[in-house]
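A short worksheet on the structure shown next.
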Amino acid sequence: MIKGNFRTHKSNASRIRRTYKTYFAFNFSFLTRDKRYNLDKNNNSIDKNVQAKLLEKIEKLSIEEISVVLGWAKEQGLEQLPDNVVSLSINPFFQALDA
């Protein structure tokens with residue numbers, strides 16, 4: 001018979017919390033019919049190899065948990081920039097939609 005040093009306490013069960021996995025989500029609502037900016041397969045302004053590589057990267061980033069992706073080198077995952085070097089602004093068109 002094997003004996004172990006494991007003890008089960010009811011208090012241990014109450015310490016276990018449910019964890020949620022978080023993934024990157026990509027928003028393509030900005031895509032347009034303007035051939036200068038869209039990713040249409042008939043668009044000649046973007047190289048087919050670049051288009052395929054971009055879609056592969058999006059797939060890779062979206063199937064892994066954020067915590068995993070943040071552990072990758074920036075060449076594989078993404079580069080994290082400090083808040084003080086990033087300047088974000090919302091296009092007034094989208095601000096008007098929110099109101």
Side-chain angles (χ1 to χ4, degrees):
M1 178 178 216
I2 299 174
K3 289 187 174 182
N5 294 339
F6 302 106
R7 294 183 183 174
T8 306
H9 298 287
K10 288 185 180 181
S11 61
N12 285 343
S14 65
R15 288 188 218 167
I16 298 173
R17 294 184 182 159
R18 186 171 182 172
T19 58
Y20 295 92
K21 296 179 180 182
T22 53
Y23 299 88
F24 284 105
F26 294 88
N27 179 355
F28 295 103
S29 65
F30 67 90
L31 293 180
T32 175
R33 292 181 190 265
D34 187 333
K35 292 186 185 248
R36 293 177 296 171
Y37 308 111
N38 70 19
L39 299 175
D40 186 0
K41 65 180 179 180
N42 297 321
N43 185 357
N44 293 326
S45 67
I46 185 170
D47 181 83
K48 302 299 181 203
N49 292 329
V50 172
Q51 182 181 15
K53 201 67 167 165
L54 174 63
L55 294 175
E56 286 173 13
K57 179 65 82 172
I58 289 171
E59 178 186 29
K60 183 178 179 182
L61 291 172
S62 64
I63 61 175
E64 292 290 349
E65 289 183 59
I66 289 176
S67 60
V68 172
V69 173
L70 293 177
W72 293 346
K74 69 180 180 181
E75 294 81 14
Q76 296 173 327
L78 54 96
E79 182 175 6
Q80 296 181 63
L81 299 173
D83 289 341
N84 63 343
V85 299
V86 177
S87 175
L88 299 176
S89 64
I90 299 173
N91 185 311
F93 173 79
F94 294 109
Q95 286 178 335
L97 291 176
D98 193 35

Non-hydrogen side-chain atoms of F24 and I66 separated by less than 4.5 Å:
yes
Minimum heavy-atom distance E75-K57, with the two atoms named
O-NZ, 3.6 Å
Euclidean distance, L61 CG relative to Y23 OH, rounded to 0.5 Å
13.5 Å
For the atom pair CD (E59) and CD (E64), what is the distance rounded to the nearest 0.5 Å?
10.5 Å
Hydrophobic cluster membership, with links at side-chain heavy-atom distances under 4.5 Å among I/L/V/M/F/W/Y: are I63 and L54 in one?
no
